[in-house]
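Encoded as structure tokens, the structure appears first; notes follow it.
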There are 4 protein chains.
Amino acid sequence: MSDTEGDRSPLDPMSARPLYAQLADVIAGKIRSGELAPDRPIPSENHLADEYGVARLTARRTAQELRERGLIVTVRGKGSFVVEQPPLDVSEESEIVD
Amino acid sequence: MSDTEGDRSPLDPMSARPLYAQLADVIAGKIRSGELAPDRPIPSENHLADEYGVARLTARRTAQELRERGLIVTVRGKGSFVVEQPPLDVSEESEIVD
Amino acid sequence: MSDTEGDRSPLDPMSARPLYAQLADVIAGKIRSGELAPDRPIPSENHLADEYGVARLTARRTAQELRERGLIVTVRGKGSFVVEQPPLDVSEESEIVD
Amino acid sequence: MSDTEGDRSPLDPMSARPLYAQLADVIAGKIRSGELAPDRPIPSENHLADEYGVARLTARRTAQELRERGLIVTVRGKGSFVVEQPPLDVSEESEIVD
DNA sequence: GTGGTCTAGACCACT
DNA sequence: GTGGTCTAGACCACG
């Protein structure tokens, strides 16, 4: 293939799937592939918004989606971090924002 | 009814032409006359519905009609915008929301 | 006290408790008191926003809060409805938006 | 002051007067001169930080200073606004966010 | 006419 | 410099 093609966004605004869900899929893929490693932060909400050309609220909604999937935990003022292992049970967590 | 009352709406509910098409004609006229300029937003669906006394769904159908005529493009969460130059042919358009 | 005092909103924008949580408390009180009965709709998001002088997004966040507390269920295009009885278990629900 | 260099910032980091107070003085001057009119918003915290080359927190502290001087009121999610008439006494104010 | 998604940008709390 | 809350207002999907 060429290295000059202009296709650069995995998000399709015309899709029936909401942008936040599409973006959550992208990040989830990077988590499962190991590109985003356990205990390491995912890009900040502002960074995601800039990088993928969405509003900050959409990036925030993406983080909410990933929390609900159990893939990240979010710490106020610090960031959102990849969880160690996809949890089977959430009865141990504490102080996780929602 | 009388023929002297102050009703001055350009829309005729009794016409065989659908209301959405009549309203699309009105907006199209304002676009071609320059009253609605290229790259500028047309009134919102709610605004059109209020201003012309039609249902929201009719205003929505009007926007769809104008998109199909190639006169506007619609951006989710932003509004509908007058295209730069009224196209002569619509057989080439793609990726316009519908 | 007098019967002429002008205090009319139970919400305090200066409080450290978020507006959406304060509003959720107000609605929850009306549910528990029976003012909002089981299987009956709570006021729409737009109505809540108008009545309590908050943005629609804040009213939406209130509904999310009430869903998380298990006090309402939300149906797209219909509204949000008071649940029959505060559930002890949520393993039976289906098609509840979030 | 000197003479020919292009540095034209009204703030002096070497001064014993805190930066936030210096910046508050600058904004207060614009309010009293009418450059910032009553009921109109002052520049956002981000804007002030960029324009005067200070940290976001310094801009925030500036706004707090101006609130304490009774020159602005701050509305969450909207901005900070110049008050109608600069008060001569601040011993009566209440319910101003801080 | 409801709730759902989205844009844009503000201030707030915390690290 | 992060995430959290909030305002304002747009279009979308559904009943």
Side-chain angles (χ1 to χ4, degrees), chain A residues 13-22 41-49 53-61 63-64 67 72-81 97-98, chain B residues 41-49 55-57 59-60 63-64 67 74-81 97-98, chain C residues 13-22 41-49 53-61 63-64 67 72-81 97-98, chain D residues 41-49 55-57 59-60 63-64 67 74-81 97-98:
Chain A
M14 300 304 154
S15 167
R17 187 163 180 74
L19 276 181
Y20 74 79
Q22 293 183 50
I42 67 171
S44 74
E45 294 175 351
N46 279 332
H47 190 99
L48 287 178
V54 298
R56 189 191 162 200
L57 191 68
T58 302
R60 268 186 71 58
R61 187 66 187 77
Q64 180 188 343
R67 277 195 297 275
I72 63 171
V73 294
T74 298
V75 182
R76 173 93 163 249
K78 295 283 292 295
S80 289
F81 299 82
V97 304
D98 190 357
Chain B
I42 67 172
S44 76
E45 295 175 348
N46 277 337
H47 192 100
L48 286 178
R56 172 87 68 78
L57 213 135
R60 253 186 80 49
Q64 180 185 346
R67 276 195 296 274
T74 299
V75 181
R76 175 78 167 267
K78 296 288 289 295
S80 289
F81 298 81
V97 301
D98 192 350
Chain C
M14 300 304 154
S15 165
R17 186 163 180 73
L19 276 180
Y20 75 82
Q22 293 182 52
I42 67 171
S44 74
E45 295 176 350
N46 279 332
H47 190 99
L48 287 178
V54 298
R56 190 191 161 202
L57 190 68
T58 302
R60 267 186 72 56
R61 186 68 185 78
Q64 180 187 342
R67 277 196 298 276
I72 64 171
V73 293
T74 299
V75 182
R76 172 91 164 249
K78 296 285 291 294
S80 288
F81 300 82
V97 303
D98 188 0
Chain D
I42 67 171
S44 74
E45 294 176 349
N46 277 335
H47 191 99
L48 286 178
R56 172 88 66 79
L57 213 135
R60 251 185 84 47
Q64 180 186 345
R67 275 195 299 275
T74 298
V75 182
R76 176 80 168 265
K78 297 287 289 297
S80 288
F81 299 81
V97 301
D98 191 354

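Just so it is clear, the values below take in all heavy atoms, side chains as well, and ignore hydrogens, waters and symmetry mates. Just so we're on the same page: letters track the sequence lines, and every chain starts at 1.
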Can you tell me which residue among A:R60, A:E45, A:R67 is in a side-chain hydrogen bond (donor to acceptor under 3.5 Å, both in side chains) with A:T74? A:R67
Any side-chain N or O of D:R60 under 4.0 Å from OP1/OP2 of E:dC12?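 Yes, D:R60 has a side-chain N/O under 4.0 Å of OP1/OP2 on E:dC12.
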With a 4.0 Å cutoff (strictly under), does any side-chain N or O of C:Y20 reach OP1 or OP2 of F:dT5?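 C:Y20 to F:dT5 OP1/OP2: side-chain N or O found under 4.0 Å.
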Can you tell me how far [atom2] of [N] sits from [atom1] of [X], to the nearest Å?
X	N	atom1	atom2	answer
C:L19	F:dG4	CG	C1'	13 Å
D:F81	E:dC11	CZ	C1'	11 Å
C:R61	F:dG4	CZ	C1'	10 Å
A:I72	F:dG3	CD1	P	9 Å

Euclidean distance, A:R56 CZ relative to A:N46 CG, rounded to 0.5 Å: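 Here the interatomic distance stands at 5.5 Å.
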Please give me the minimum heavy-atom distance between [X] and [Y], naming the atom from each residue.
X	Y	result
A:A59	A:A49	CB-N, 4.1 Å
A:Y20	A:T58	CB-O, 3.8 Å
C:I72	C:A63	CD1-O, 3.6 Å
A:L48	A:V54	O-CG2, 4.4 Å

Taking Watson-Crick and G-U wobble contacts under 3.5 angstrom, with | marking pairs to another strand and [ ] crossing pairs, the secondary structure of DNA chain F is written ||||||||||||||.
Pairs under 3.5 angstrom, nitrogen or oxygen only, protein versus nucleotides 8-10 of chain E, please.
{"residue": "E:dA8", "atom": "OP1", "partner": "B:K78", "partner atom": "NZ", "Å": "3.2"}

